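Because only heavy atoms are used, hydrogens play no part in the values below, and waters and symmetry mates are left out as well, while side chains stay in. Bear in mind that the values here come from a model prediction, so they are computed numbers and not experimental data. Each chain gets a letter, A, B and so on, in the order the sequences are listed, and its residues count up from 1.
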Amino acid sequence: MPGTESMAALLRVEKISKRFGGIAALNDVSLVIESGEIHGLIGPNGAGKTTLFNIITGLYTPTHGNLDFKCCSLLGMKPHQVLKLGIARTFQNIRLFANMTALENVMVGRHARSHAGMLGAVIRNAATRAEEAAIQRRSRELLELVGIDRHRHALAKHLSYGDQRRLEIARALATDPALLALDEPAAGMNPTERETLKDLIVSLRDRLGLSLLVIEHDVKFIMAMCDHISVLNFGEKIADGTPQQVRNSPAVIEAYLGAEVA
Amino acid sequence: MSLLAIQHLSVSYGNIQAVSRADFTVDEGERVCLIGANGAGKTTLLKAIAGMLPVAHGAIHFAGQSITRLASHQIVHLGLALVPEGRGIFSRLSVQENLAMGAYIRRDKAAVQQETNEIYQRFPRLGERRNQPAGQLSGGEQQMLAIGRALLSRPRLLLLDEPSMGLAPLMVKTIFETIADVAERGVSVLLVEQNARLALATCERGLVMERGEIALQGAAATLAQDATIQRAYFGV
Amino acid sequence: MDIFVQQIINGLVLGSVYALVALGYTMVYGILELINFAHGEVTMIGAMVSLTVISALVGVGVDLPGVVIVLLGLLAAIPVCMGVGFTIERLAYRPLRNAPRLAPLITAIGVSIVLQNIAMLIWGRQYISFPPILPQGRHQILGATITDVQIAILVASVVLMLGLTLMVKKSRLGRAMRATAQSPQIAGLMGVNANTVISLTFILGSALAAVAGVMVSAYYGLAHYYMGFLLGLKAFSAAVLGGIGNLAGAVLGGLLLGVIESLGAGYIGGLTGGVLGSNYQDVFAFFILILVLMFRPSGLLGERVGERA
Amino acid sequence: MNQKSRHAWLVFVALGIGLALLPFLVDAGLGRSWVRILDLALLYVMLALGLNIVVGYAGLLDLGYIAFYAVGAYCYALLASPMFGLHLPFWVLLPLGALVAGLFGVLLGTPTLRLRGDYLAIVTLGFGEIIRIFLNNLNAPINITNGPQGVNQIDPISIAGLSLGKTQVLFGVTFSSPHLYYYLFLILTLVVIFVSMRLQDSRIGRAWAAIREDEVAAEAMGINVRNIKLLAFAMGASFGGLAGGLFAGFQGFISPESFNLMESIMILCMIVLGGMGNIPGVILGAVLLTVLPEALRYIGDLQRAWLGHVVIDPSDLRMLLFGFALILMMLFRPAGLLPSRQRKRELSAAGDIAEQEQASVYDARH
Amino acid sequence: MKITFVNGLLAAVMATLLLGACGRQDGAAKDGEVIKIGSVSPLTGPQAHLGKDNENGARLAVDEINAAGLVIGGKKMHIDLISEDDQADPKIATTVAQKLVDNGVVGVIGHLNSGATIPASTIYHSAGIPQISPSATAIAYTAQGYNTAFRVMTNDEQQGHVLGQYAVTKLGDKKIAIIDDRTAYGQGLADEFAKAAQAAGADIVAREYTTDRSTDFMAILTSIKAKSPDLVFFGGMDPQAGPLTKQLKQLGINAQVLGGDGMQTPEYIKLAGADAEGEIASNPGLTLDSMPGGKAFKDKFTARFGQIQNYAPYAYDAVYVLVDAMKRANSTDPAKYLPALKTTDYQGVTGHIRFDQKGDVTGGAVTLYQVKNGAWQPLETVQSK
C-alpha cells in the first residue's frame, strides 16, 4: 500500500474548528498530507497543534469541518476505528504501558491486526498459536528496526528516555499504519540523539513508504527532515509550504522563530 | 567561601547509582550550568540538592551549613529554591495562589505583596490572568510562573531544571533573558539544560555530566570551544 | 402539598447527616486520593464517646441545660476522634503512601474492623440510647413539622461546610492542603511539610466525624458499635455523587442523596402504580446516582478530568 | 524427558495425590467442618479468580461482584427446588448460571464504561446492592425469589444419579457429602485456573493489561476499549455465576443476606492481599481469608491450653484479630503476599532512573 | 503455581492442626462423664447483642444443671456448653454446625436467625442431632420434615395471627398501616399479621418497608401519615422500633404502635423514651413473672449478665427441655433421647412446652404487653391456634 500512489492526498483536513467551552482552540484549519511525505506541524505553545493531532486521531470531535483519510471521512470515528483505517500515533508525554515489557507493548500494537478471541485464547488451537507466533515475530522485527530489541524483556518504564520514545514508535508501527503521527518525538533529547531519531524517521519514509506528521519545536530538526511544513498560531494556520518558504515567511518569524533564527 | 558545596555526592535508586562521587561548588552570585545527555543524572543531582531524594554518600553544604540530611521543606528556609523539570506548577490553584505558595515560608506580608506586584510587572501576562487556574496558562507562561514563584521564597541560589523544555524558540529566548536578569540581581543560578549552546552562553561556568559523574568542568567560554563538547552536545 | 414539604424537610435533615460525614471523606480523599473506609467508624467512636460522657453527666445529676451537656460530650469526643484519626493515618496509611493503589484500601477495611471490635469490647454489643435531654421544640413550616434538633443539624452542616470551604480556599493551611493534594513533592519545595499537612487533614476530618457522630446519635437517640458501616457507605456515596474531593460537592451530594431517598420512599409506590414500594428506595437512590455519574462521570461538582493526549 | 521436566512431573503427581487426599487428612486431623471450610475456600478461589479478571487484569475496580454470585445461585435455586417445582439437572444449571451471570456482567458493565477508579467502584457497589434488594423484595406482587425467606430445599448436585448431598460409598471408600463436593469443586477450580492462565497470556489478556495501564493509549493502539472492558466484566461475572450455582447446590438454602456488600469487599481483599493479577497469589489470598476467621475460633482453646482458662471470650477477639491481620499483612507486603511479576519489579526498583528523570516532564502541560 | 497454592494451604492446615490439637483436651479435669451441648448465635455484627443474650441464657441453664448435679443412666454427667459465632451468616452457620457435629455435641441450642437456622438444620438432621432454636420464627424451619428440628418460640404464623386478631377485634383498629424490615423475621411476621388482620375485617391502608440497619423512618412515616391509620404495625427488631416510634410521634401521627417479640424488649423503651408510652407488643409464652421460677430466673440472669435482651429465657428453657428428654430417655445418645424430646411436656419459665408433629411449640400462649409508666405491663395472654 505505501508509496504506490506517490504525491496523492492521503489525509485531507478541511476547515476544522474546535472549541473548548467558549475558547476556540482551532479556527478553520485546512491542510493536506500527501502520500509518502514527512509533514511538519510547528507553532508557539498553545497554538493548537496537539488539538489538531487529537482530532485527526479521533480523540476529539471537531466542532466544524471535515477530515478525509484515503477514501472515507474520519468524522465521528473512535480512536480505535481511526487506527484500523491506518493512522497511528505517539504521544507528547510518552504513554507506554509502563508495567508491560517492551515486547508486550509492541504486541499490543498488533491487536487491531489480529483476531484471536476468547475461545481461541482458552483452547489455544493451531490458528491461535500461529497468529500468536506471527505477532511475536513481527514485534521482534519492529523492535530491531528501532534498535531496542536487546531490551525486549525490560519493563517499558525501565527503559531510558530515548528508548521509550523509540518503543512508542515501534508500537505505533505494529499497527501497520499508512500515516504515522509523532507528537514532539525529539523533546528532551540532546542534539546527538535527535540526529539518530531524524535518521530513523527518514528511513521510515524511505524504507517503509510511510507518510508522517510530526510536531516539533526544534526548528533545525524539523527543517532538515520535512518535505512540507504547516505553521499554526492562535488556532489558525499562518503558513504552509516547503521548509524554505516557511523559514522566510514574515508571519512565522514574528510569531514563532524570532528575528535572529531566521 | 562557596555558597553551595557538593562533596563526593552519590545518589542511588534501589541498586542503581544515578549520581556518583560528584564534586563541585557554586559561588555567591555565580551562574553555573550543568549539561549532559538524557539519563546522565542531572535531574537526580538537582533533586538531591533540593532534598527531594535521599543522599547515599557524600555531603551537601549550603551557606556553610550541612543540608545533606534535610528534607526539601526545611531547605527552602535556608534560601535555596528549585524550579523543577516540567515546571511543577499547581494547575488547580490560581496564578495568584501559586505565587502565594512560593512565599509560603514568609511572614512579611507587605513585602510579599510588593514582590508579587513586581513579578506581575515583569510578566504582565501573569498579572492579567492572576485569578485563573494556572493550568490554563500556556507552557511558556507556566515557566514564568514557576520562576516567579521560586523567586518569592527569596532564594540565594536558584536551581533550574530544563526551563526551555517544550517551548517555542521565542519563548526560550524570553525565559533565558529572565534568568540572566535574576542573576544580575545577585541570585546565584545552577542551570540544567539540554540546549548546551544556550546554557553555556548564559552561564559563567559549566559542568558536564556523563553516566552519573561530573566528567568535565570549567569556564563556560572554554567549554563552548571544546571540540568534544561541540560534537556531543551542539549537534555539529 | 404539606406531605411533599415534609418529605423535602425529611430528606434535607437526613442529607445533612450524610453531608457531615461526607465532608470528612472528601477532605481525606482530596489530599490523598484515598477512600478512608474507616471514617464511618471514627464517626461511631465520636458518638460512643460523647454518649458515655453525656450519660455519665446525666447519671450524676449535673444540673445543666441539655444543650450544654451535649456540647460537653462533643468536646470530649472531638479530641478522642482526632487522636484516632491521627493514629490511623500514621500507622495504617502513611507506611503505604507509595504502595499500589488498593493496598491502603485493604488496611482501611482492616482498621474499620478493628475499630468496630474495639468499640464492641469497650461499649458492649447493646444499642446505647441517648438520654432525652435536648429541647424537643417543634415548628410548623408550610404545614410540615420540623424540630429543634433537625434545625440544629441543618444549620451545623451548612456552617461547617462554609467554614471549611473558607478555610481551604483562603487560609495558608488550606492553600498548603490543596498544593499538597496536587503534588506533595512540589509543595515540599515551597516549604510545606506534606506529612504535617496530611496529618492535619486527618485530624480535621476526624473532628468533623466526631461532630457528625454526636449529631446522629442525638437525633436518632441511639448508638451502636456497628452504626458506622452503613453511615459511612451512604456518606461515601454522597461524596462521590457530589464529586469526591470537593467540599461543596460533599454537602450537595449529601443533601441530594437524602432528598432522593426521602422522595423515593415517599413516592415510588405512587409512581409505579404500587408495583414497587418503599422497599426499593435504595434502588431508586442508587439508580439516580448511577444516572448522574453516567452523564457526569466525575460527580456533580467534581473537576472534569479532561482527557489529555 | 530431561531431568528438569521429570522433576516437574514428580511435583505435579505429588501435588495431585496431595490434593486428592487432602479432605481425608483434614477430616482425620481437624474434623469434617474443615472439609466444609475447604469446600468454601474452593468456591472463594473461583470467585476471587473471577474478580481478578476484572480488577487484576483489566484494572476495573468492582465492588459489586457478589451480585453475579447471587445471580448464579438464584438461577440454580429457582430451577432446582420446590419453589417452581422445577428440578433441572446440574449440567444445565451450572452453564446457565454462568451464562446469565455473564449477561448481567455486560448489562451492568455498559453504563460504567466511562467511569474510572472510585467512581466505578461506587457504581458497581450500587449495582450489587440493587440486585440484592431486588432478590430480597421480589416476593410480591408475584413471588419470584421468595424474598427475605430465601429459597429452601434446593436439590443437591447429582452426577449420574449420584447425589453429592448424601454419604456415598465408592470403591469401598466412604465419601461424605462435603468430601464429594470437594472433588467437584476442585475439578472446576482447576478449570477456572486453567482458563484464567490461558486468558492472561493471550491477545485478549494483553488488551486487558493495556487498558489497565493506559486506556487512552490502548484505544489509540486500536483496542476497542468498550468491548474489551465488557468482555472482562462478562468473563469475571460468569466465573461468579458458576460459583454461585455450586454454592446453591452445596448449601441447599440461599437467601439474599448471603450476598451483601461485605462479601464483595472480602473477595476484593482476597485478591489484593494475595497479589492482584497473579493467579497463585489470588488463590492464596482466597484460601487464607476463608481459613483465617475459622482458625481464629481456636483462640479460646489456645488460651485454655496456655493459660489454663479462657481469659478473653474468643468471640470478642476473633474479628479484632482478623482486622489486625489484614492491616499487618498489607503493611509488610504492600504488593500482596505473592505479587505478580510486574508489581514486584514495580516495587523493588521503586524509582528507576528513566522514570524519575521524566516523571514530571510534561504533566503540567495541557 | 499450584505449588504455592498447596504450600499456602498446607501451612494453614498445619497451623490449624496445631491449634486443634491444643483444643482437644477441654473438660478433661471435670468429674463425671462429659456431654457437650452446642450454642450458636451471632456474637459479632449488628445482632451480636441478641446472640450473646441467647448464649447467656443457655449458659445459665447449663451452670445450674451442673451445679445441681446431673445423673443420667445412673452416671454422673457434666455438661459442657460449646458456644459458636455464626455471624448471622447462612454460610458460616453451616460450617459452624458441622464443627459442632464434629465436636460430638449431643444437642444444639440455636441458631438465632431463621436464615442461619434453616441451612444449619440440614446438617444437624443428617447427623441425627436434635436442635432447638430459641428464636427462629420462620415457618420454613419446621416445614422441612426434619425430625431433629424444634423450636420453643411460636412461629410467625402463630404470633402474627394472634396480633392481627388482637389489633382488629380487641383494639378495634380498622385502618392499619404495616411496616416491615425486609428480614425473614420481620417480613414473615408482617405478612402473617396482614393476613389475620384482613381476615378480621381490617383495611390495610399502607404497606411500607425499611431495613434492619435503618435509623431514619421519616420518609415512610410521612407517607403513612397521609393515610391517617389507627394503628401502625411494625415487623422488626427494637433498634428500629424505638426510633421509629419516636419519629412517628414527632410527625404527629396519632396511631397505636403494635409489634412482635422483636419489639417487646426493655431496649425498646430505652430507645423510644417517653414516646414508648402506650405502645403494645407481643411475646410468646406467659409473662416471666407469672411463671414458676420466672422471677428467680430473671434475678439470677440480671445479677450475672445484666439486662435480658430478649430470647435468653427461651434459650434457658431449651437447655432444660433437652436435658429433660435425656433424663426421661435415660440416655444422652441423640438417637435414643430424640423420641423422648418429641413427647416433651415441660413447664419452663416461658410457658408450658409441648411440640407438635413438625417440632413447633404447641398450644403456646402469646402474651400482649403495653408500655405503662416506662415499663412493659402484661395486658393479656392469648392462646395461639
Side-chain angles (χ1 to χ4, degrees), chain D residues 11-12 15 18-19 22 25-26 29-37 40-41 136-137 139 147-150 152-153 166-167 177-178 193 197 247 251-255 257-258 279-281 283-284 287-288 291-295 297-298 300-302 304-306 313-316 318-319 337-338, chain E residues 1-10 12-13 15-17 19-26 43-45 48 51-52 55 83-85 87-92 94-103 113-115 118-119 122-123 126 138-140 143-144 182-188 209:
Chain D
V11 170
F12 203 72
L15 209 94
L19 282 175
L22 192 63
L25 295 174
V26 166
L30 291 162
R32 188 147 305 159
S33 61
W34 279 91
V35 183
R36 286 191 80 87
I37 294 169
L40 286 175
N136 201 35
N137 289 296
N139 58 325
Q149 306 294 339
N152 199 7
Q153 293 175 300
K166 297 195 193 85
T167 301
S177 165
I193 292 173
M197 285 168 61
F247 176 67
Q251 191 81 345
F253 168 85
I254 55 163
S255 64
E257 58 193 327
S258 294
I279 295 171
I283 296 171
L284 178 65
V287 172
L288 203 62
V291 165
L292 186 63
E294 297 307 319
R297 286 183 192 277
Y298 292 91
D301 296 336
L302 266 187
R304 211 170 296 144
W306 291 345
D313 193 337
S315 64
D316 284 346
R318 196 164 68 93
M319 291 314 281
L337 298 171
L338 298 175
Chain E
M1 173 226 84
K2 277 169 236 101
I3 303 173
T4 15
F5 164 66
V6 165
N7 282 348
L9 196 63
L10 283 182
V13 168
T16 40
L17 273 172
L19 288 168
C22 307
R24 299 221 148 191
Q25 317 138 357
D26 32 17
L43 300 172
T44 50
K52 196 73 188 171
E55 185 201 315
S83 168
E84 290 291 353
D85 176 11
Q87 291 171 262
D89 180 331
K91 166 181 77 277
I92 295 175
T94 55
T95 308
V96 167
Q98 185 72 56
K99 184 156 182 266
L100 288 173
V101 171
D102 291 349
N103 232 321
N113 331 60
S114 302
I118 294 170
T122 309
I123 298 196
S126 57
I139 297 159
Q144 303 175 98
R182 298 319 288 170
T183 62
Y185 164 72
Q187 183 246 345
Y209 310 90

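- Neither the backbone nor the side chain of E:Ile139 comes within contact range of chain D, judged by heavy atoms closer than 4.5 Å.
- Using a 4.5 Å cut-off between heavy atoms, E:Ala88 touches chain D through its backbone atoms (N, CA, C, O) alone.
- For E:Thr94, the parts lying under 4.5 angstrom from a heavy atom of chain D are both the backbone and the side chain.
- The contact between E:Asp89 and chain D is made entirely by side chain atoms (from C-beta outward), counting heavy-atom distances below 4.5 Å.
- The part of E:Thr183 that comes within reach of chain D is its backbone (N, CA, C, O), which places non-hydrogen atoms under 4.5 angstrom from that chain.
- Looking only at distances, a side-chain donor or acceptor of D:Gln251 sits under 3.5 Å from a matching main-chain atom of E:Pro90.
- What you find for E:Asp102 and D:Gly31 is that their closest heavy atoms are OD2-C, 3.1 Å.
- The nearest pair of heavy atoms linking D:Phe253 to E:Gly115 is CE2-O, 3.3 Å.
- D:Asn152 contributes no side-chain N or O that, together with a main-chain N or O of E:Ile118, makes up a donor-acceptor pair within less than 3.5 Å.
- Of the atoms belonging to E:Val101, not a single heavy atom falls under 4.5 Å from chain D.
- Chain E forms more heavy-atom pairs under 4.5 Å with one residue of D:Gln153, D:Gln149, D:Met319 than with any other, namely D:Gln149.
- In terms of heavy-atom pairs under 4.5 Å with chain E, the best-connected choice from D:Leu292, D:Asn139, D:Ile254 is D:Asn139.
- Between the CD1 atom of E:Ile123 and the CZ atom of D:Arg32 there is a distance of 11.0 Å, given to the nearest 0.5 Å.
- The CZ atom of D:Arg318 sits 4.5 Å away from atom CG of E:Asp85, with the distance rounded to the nearest 0.5 Å.
- Counting only distance, with no hydrogens or angles, the side chain of D:Arg36 and the backbone of E:Lys99 share no donor-acceptor pair below 3.5 Å.
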